[in-house]
Amino acid sequence: MTSLSFASSADLGEKTQTLEVLADGVYALTAEGDPNLGAIEGEDFLVCFEALATPVAAREWLAKLREHTDKPVRYLVLSHYHAVRVLGASAFDAQTIVAHEATAALIAERGLEDWASEFGRMPRLAKGADSVPGLTWPTATFADRMTIDLGGDRGELVLEHVGRGHTEGDLVAWLPQQKILFAGDLVEAQAALYTGDAFHRDWSTGTLDRIKAYGAEALVGGRGAVSHGRAAVDAAIEQTRHFLQVMLDEVGAVQRRGGTLKDAFDATHAALHEQYGHWPIFEHCLPFDVSRVWDELAGIERPVIWTAERDREVWAQLQG
């Protein structure tokens, strides 16, 4: 394998953003494998889902959204703690920033390290990096479930923690009336999974089972196109599950025969590349993914904190 540029450091081309109206007052922004966002109109307010990496980047999304609605943002919902999802929060002027209680704890524990790590891995997403005022802190958290009444005949928005997966604190946003699910990075549609902070065994079983049980008719994953219709939604969920299961199988087999982390990476890369190698950020993610699977199967329960220095060491060992 030829040596690759570190993570996404060489990916500097702009992506085309597409705003989709999924139902009356329900919006999704996708961007060719870059992080997705969403917004839901209440009777006289907005709920925004995800915040991007910087206020500069977030304001570009808000400008597109303002072509459809001028309602103020009452809630900004963060699906998890990763920097490229949360550090643009100040642009929204939200009354309340909502996250799972584990996400708040993870920001306190490793938010600064994650900020440096992710901006180093994906500099293109860190547009206007100096506009970030500091770590984003949730102002409202919950353990299992939170419901937002959207008012009028708009129904409700249900925020739920469906189990450990991409991180300890992922949440999803479910519109039961419209049957639309914002799944965050728990599901990716035609985009590679980042699992460096994941709990693969929980994610690939009970967590995805709970997501599938919603019976969504449209699903907005963390990256990739919106999945429309039950068949496409189920396909995205099962592709996510398959990616996880292949990593667990390949890394587990190498560990059982006494191989090395590099052996595990090579075996996993070979097993996944034909089906998934053309997906956005596949090569970027895989060294960090395999490293975490290796740790998890070796009995390291919680993910080791990624620092900018550790990122480079793992990359050099596995992709260098």
Side-chain angles (χ1 to χ4, degrees), residues 1 4 6-8 80-82 102 106 109-110 113-114 117-118 121-122 162-170 183-188 191-211 221-223 236-277 279-307 309-320:
M1 189 185 304
L4 301 172
F6 172 67
S8 290
H80 62 287
Y81 77 96
H82 285 152
L106 287 162
E109 178 189 49
R110 57 186 71 195
E113 292 86 350
D114 181 70
S117 167
E118 294 210 17
R121 293 180 187 181
M122 295 174 280
V162 293
R164 299 188 305 183
H166 178 71
T167 71
E168 288 176 86
D170 300 275
D185 278 321
L186 287 170
V187 179
E188 310 289 15
L193 276 63
Y194 174 69
T195 73
D197 299 298
F199 296 81
H200 299 80
R201 290 172 291 193
D202 288 3
W203 186 0
S204 62
T205 55
T207 299
L208 285 179
D209 289 344
R210 288 189 65 184
I211 289 173
R223 294 174 183 261
I237 293 167
E238 293 309 319
Q239 285 173 343
T240 300
R241 193 193 310 271
H242 182 253
F243 196 107
L244 294 166
Q245 193 59 57
V246 169
M247 291 198 296
L248 286 166
D249 291 347
E250 295 297 330
V251 175
V254 171
Q255 285 188 346
R256 287 191 294 274
R257 65 173 181 261
T260 66
L261 176 60
K262 183 64 165 68
D263 295 333
F265 174 78
D266 290 342
T268 305
H269 190 284
L272 289 171
H273 188 267
E274 182 176 353
Q275 184 169 351
Y276 302 109
W279 283 9
I281 66 172
F282 174 82
E283 297 291 352
H284 168 159
C285 292
L286 203 62
F288 310 118
D289 294 357
V290 171
S291 180
R292 171 55 190 155
V293 178
W294 180 276
D295 285 354
E296 185 177 0
L297 295 181
I300 298 174
E301 174 64 14
R302 297 189 69 244
V304 178
I305 294 174
W306 290 102
T307 64
E309 295 75 22
R310 182 175 176 233
D311 287 354
R312 295 278 181 173
E313 291 170 1
V314 169
W315 185 270
Q317 181 182 2
L318 300 183
Q319 282 279 42

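All residue numbers in this chain count up from 1 along the given sequence.
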Evaluate the side-chain proximity of [Y] to [X]: yes if any heavy-atom separation is below 4.5 Å, no if none is.
X: Phe199; Y: Thr207; value: no
X: Leu4; Y: Trp315; value: yes
X: Glu283; Y: His273; value: yes
X: Met247; Y: Leu286; value: yes
X: Asp209; Y: Arg241; value: yes
X: His166; Y: Thr195; value: no
X: Ser291; Y: Gln317; value: no
X: His269; Y: Phe282; value: yes

Between [X] and [Y], which heavy-atom pair has the shortest distance, and what is it?
X: Leu186; Y: Trp203; result: O-NE1, 3.0 Å
X: Arg210; Y: Gly163; result: NH1-N, 4.4 Å
X: Val304; Y: Asp295; result: CG2-OD2, 3.7 Å

Roughly how far apart are [X] [atom1] and [Y] [atom2], rounded to 0.5 Å?
X: Arg201; Y: Leu297; atom1: CZ; atom2: CG; result: 5.5 Å
X: Thr268; Y: Asp289; atom1: OG1; atom2: CG; result: 9.5 Å
X: Thr167; Y: Asp170; atom1: OG1; atom2: CG; result: 3.5 Å
X: His242; Y: Asp249; atom1: NE2; atom2: CG; result: 8.5 Å
X: Glu250; Y: Gln245; atom1: CD; atom2: CD; result: 10.5 Å

(message) Apply side chain to side chain donor-acceptor pair (under 3.5 Å) to residues His284 and Gln319 and explain how you reach the verdict.
(response) CA-CA 9 Å; His284 168 159; Gln319 282 279 42; over 6 Å; no
(request) Under the ring-ring contact (aromatic ring centres under 6.0 Å, His included) rule, collect the residues that match up with His200, sequence neighbours excluded. (result)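 None.
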(message) Is it the case that the ring center of Trp279 lies less than 6.0 angstrom away from the ring center of Tyr276?
(response)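 Between Tyr276 and Trp279, the centre distance is under 6.0 Å.
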(message) Do Asp185 and His82 pair up side chain to side chain, a donor and an acceptor below 3.5 Å, judged on atom types alone?
(response)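 No.
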(request) Could I get the full list of side chain to side chain contact (heavy atoms under 4.5 Å, CB included) partners for Glu109, not counting sequence neighbours? (result) Leu106, Arg302, Ile305
(message) Taking the basic N atoms (NZ, or NE/NH1/NH2) and the acidic carboxylate oxygens, is any pair closer than 4.0 Å for Arg310 and Glu313?
(response)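 A salt bridge is absent here (no side-chain N lies under 4.0 Å from a carboxylate O).
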(message) I'd like to know if Arg121 pairs up with Asp114 as an ion pair, taking the criterion as any Lys NZ or Arg NE/NH1/NH2 lying under 4.0 Å from an Asp or Glu carboxylate oxygen.
(response) no
(request) Could you tell me whether a side-chain N or O of Glu188 sits under 3.5 Å from a main-chain N or O of Leu193, the two making a donor and an acceptor? (result)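 Looks like no, no N/O pair under 3.5 Å.
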